[in-house]
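Side chains included, hydrogens not; waters and symmetry mates left out as well; all remaining heavy atoms used. What you see is a predicted model; the values in this text were computed from it and never measured. We count ligands from 1, going down the list as the structure has it; atoms in each ligand are counted the same way.
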Amino acid sequence: MRNLLVTGGAGFIGCNFVELLLERYPDYRVIVFDKLTYAGRPENLARFRGDARFTFVRGDICDTEAVRSTFREHQIDTLVSFAAETHVDRSIMAPDAFIRTDVFGTYVLLEAMREYQLERGLFVSTDEVYGHIEPGHSSVEDDPMKPRSPYAASKAGAEHLIYAYHITYGLPVLVTRGTNNIGPYQYPEKAVPLFVTNAIDDIPLPLYGDGRQMRDYQYVMDHCEGIDVALHHGAVGEAYNIGSGVETENIVMAHAILDLLGKPHSLIRPVADRPGHDRRYSVRTDKIRALGWQPRHDFAAALERTVRWYAANEAWWRPIKSGEYREFYRQQYQSRLGQA
Ligand code: NAD
Ligand code: DAU
């Protein structure tokens, strides 16, 4: 393992993972391949620019020639793939890009892996592939996939292809299934950074439905460390859940954000629910823990670090919230909130 291609490295988890790789592995070369969609931010990579081990290539994982030439020119031996359309609400509004990138793009990467005989490929998936989980159960990796949103279905479709390529062609691939990440550089369409940045500006926090949906909010670096452990020690053909094991209701998360910022709870605004909203996700993480991983942040610590980062890094998120984001926000929230 020496020349690693990190697709989607300009996004939230990807850029945190690049940071981890460059810190931990002095001998690795890291080539980020990213289309720079609205979620891919060149500024997320600015801190790596002076590092000779880091290279950025702008490209689309659906573009077979761009992928092949990057594999060839950089003598890629290992793939870690984050590139995806990732926001559930956008997948409900416009599923097309999700099917294209998350399913077809994965197929293009698998074909390139086959052609250039990579040593290993890790594809970052999600606990959303399991669908809504009834109380009393926590998903294990052998549970059936029952995705319920276009996003989750596209990720599950990708996973089926990955497994099929392992069985059919013997490709050395594996997947991780992470729970909700929070932390630095998350695009403020996702609930936590949306709520934090709205609260800083004294704007209502749009809480879907009754706010009693449960998520396992884990710190992004804990997730990245789990991906690292799976990449180096996981078995090919396998899937690994990664999560904190702590479930938190969204309404509790919203109150905690407001408390950390010293803002009034009256900023919480219950709004129309997300169609098909999965009420609960919950995973068991025995399998990744058996490889030596454990999270280093509990929910309170993860949320506090996240809130502090957004409070200290307005220069990162303010330009985002004044760009493409405004139109997205209008479409997504105008009728819900009864305002622009
Ligand atoms: P993100 O939306 O912040 O970033 C996605 C990145 O992929 C961006 O840099 C974007 O430009 C890039 N990208 C999108 N389409 C592309 C294409 N066609 N070609 C090349 N690059 C493309 O996403 P994230 O939250 O960092 O998620 C990263 C991965 O982790 C995704 O695969 C996602 O499904 C998975 N995941 C996310 C979470 C979470 O809570 N955010 C949890 C579990 C799993
Ligand atoms: O579980 C892992 C998944 O977590 C990842 O695979 C996805 O890429 C990531 O987006 C995330 O999906 P969620 O749909 O759980 O995340 P989101 O931040 O959009 O929503 C978190 C919860 O908050 C969810 O129950 C919906 C709710 N919510 C969300 C938004 C955007 C609100 O109540 N109001 C909102 O405005």
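Residue, atom and distance of the protein heavy atom nearest to atom 12 (O) of ligand 2 are E128 OE2, 2.6 Å. Looking only at protein heavy atoms, the nearest one to atom 27 (C) of ligand 2 is N250 ND2, 3.6 Å. The shortest contact between atom 33 (O) of ligand 2 and any protein heavy atom is with Y208 N, 2.8 Å. Shortest contact from atom 36 (O) of ligand 2 to any protein heavy atom: Y333 OH, 2.6 Å. Of all protein heavy atoms, the one lying nearest to atom 5 (C) of ligand 2 is Y151 OH, 3.6 Å. Considering only non-hydrogen protein atoms, atom 19 (O) of ligand 2 sits nearest to R274 NH2, 2.9 Å. Shortest contact from atom 1 (O) of ligand 2 to any protein heavy atom: D127 OD1, 2.5 Å. With hydrogens left out, the protein atom closest to atom 10 (O) of ligand 2 is K190 CE, 3.0 Å, a heavy atom.
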List the atom pairs, with distances to 0.1 Å, where a side-chain N or O of residues 121-128 and a protein N or O form a donor-acceptor pair under 3.5 Å, not counting sequence neighbours.
residue: S125; atom: OG; partner: E159; partner atom: OE2; Å: 2.7
residue: T126; atom: OG1; partner: E128; partner atom: N; Å: 2.9
residue: E128; atom: OE1; partner: Y281; partner atom: OH; Å: 3.3

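Residue D89 has no N or O atom closer than 3.5 Å to an N or O atom of ligand 2. Considering backbone and side-chain N/O atoms, T179 never comes within less than 3.5 Å of an N/O atom of ligand 2. Checking only distances, T86 does come within under 3.5 Å of ligand 2, N or O to N or O. Taking only nitrogen or oxygen atoms, main chain and side chain alike, D278 does not reach within less than 3.5 Å of ligand 2. Distances between N or O atoms of P206 and those of ligand 2 include at least one value under 3.5 Å. Taking any N or O of A191, backbone or side chain, at least one lies under 3.5 Å from an N or O belonging to ligand 2. Residue contacts with ligand 2: Y281 is placed with no nitrogen or oxygen under 3.5 Å of a nitrogen or oxygen of the ligand (distance criterion only).
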Next on the checklist: I'd like to know whether Y165 forms a side chain to side chain contact (heavy atoms under 4.5 Å, CB included) with Y107, so could you lay out the CA-CA distance, the side-chain angles of the two residues, the decisive distance to 0.1 Å, and finally the verdict.
Outcome noted: CA-CA 9 Å; Y165 269 64; Y107 153 75; 3.4 Å; yes
Item to check | Full working for side chain to side chain contact (heavy atoms under 4.5 Å, CB included) between H87 and Q332 | outcome: CA-CA 12 Å; H87 192 40; Q332 185 63 25; 5.9 Å; no
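Those atoms of ligand 2 that come under 4.0 Å of a heavy atom in T126, given as number and element, are 1 (O), 2 (C), 3 (C), 5 (C), 6 (O).
Between A112 and V67, the closest heavy-atom pair is CB-CG1, 3.7 Å.
Between Y310 and W316, the ring planes are perpendicular. Angles over 60° get that label, and only those under 30° would be called parallel. The aromatic rings of H297 and Y219 lie tilted to each other, with the angle between the two planes from 30° to 60°.
With respect to the salt-bridge test (charged N to carboxylate O, under 4.0 angstrom), the residues R72 and E115 do not qualify. Salt-bridge annotation for D202 and K263: present, with a side-chain N of the basic residue lying under 4.0 Å from a carboxylate O of the acidic one. Salt-bridge check for D102 with K155: failed, with every basic side-chain N at 4.0 Å or more from each acidic carboxylate O.
Sorted by chain then number, the residues whose non-hydrogen atoms approach ligand 1 to under 4.0 Å are G8, A10, G11, F12, I13, D34, K35, L36, T37, A39, G40, G59, D60, I61, F82, A83, A84, T86, T101, V124, S125, T126, Y151, K155, G178, T179, N180, N181.
For Y217, the closest heavy-atom approach to ligand 2 falls below 4.0 Å. Between K155 and ligand 2 there is no heavy-atom distance shorter than 4.0 Å. Using a non-hydrogen distance threshold of 4.0 Å, E189 registers as a contact of ligand 2.
Of the inter-residue distances, the one linking D89 atom CG with Y151 atom OH reads 12.5 Å to the nearest 0.5 angstrom.
In the candidate list Q218, H277, Q213, H277 is nearest to atom 24 (C) of ligand 2, counting heavy atoms.
Contacts of N180 with ligand 2, taken as heavy-atom pairs under 4.0 Å, involve both backbone and side chain. Looking at F195 against ligand 2, only its side chain comes within 4.0 Å, counting heavy atoms.
When each of F48, Y185, F12, F82 is checked for a ring-ring contact (aromatic ring centres under 6.0 Å, His included) with F17, only F82 meets the rule.
Contacts of E249 classified as salt bridge (charged side-chain N to carboxylate O under 4.0 Å, His left out), with partners at least two apart in sequence or in another chain: R212. Qualifying side-chain hydrogen bond (donor to acceptor under 3.5 Å, both in side chains) partners for D298, counting only residues two or more places apart in sequence or in other chains: none.
Using a 3.5 Å distance cut-off with no hydrogens or angles, the side chains of Y333 and R269 do not pair a donor with an acceptor. Checked by atom type, the side-chain pair Y28/R53 shows no donor-acceptor distance below 3.5 Å.
More than 12 heavy atoms of other shown residues, nucleotides or ligands fall within 6.0 angstrom of atom CZ in R279.
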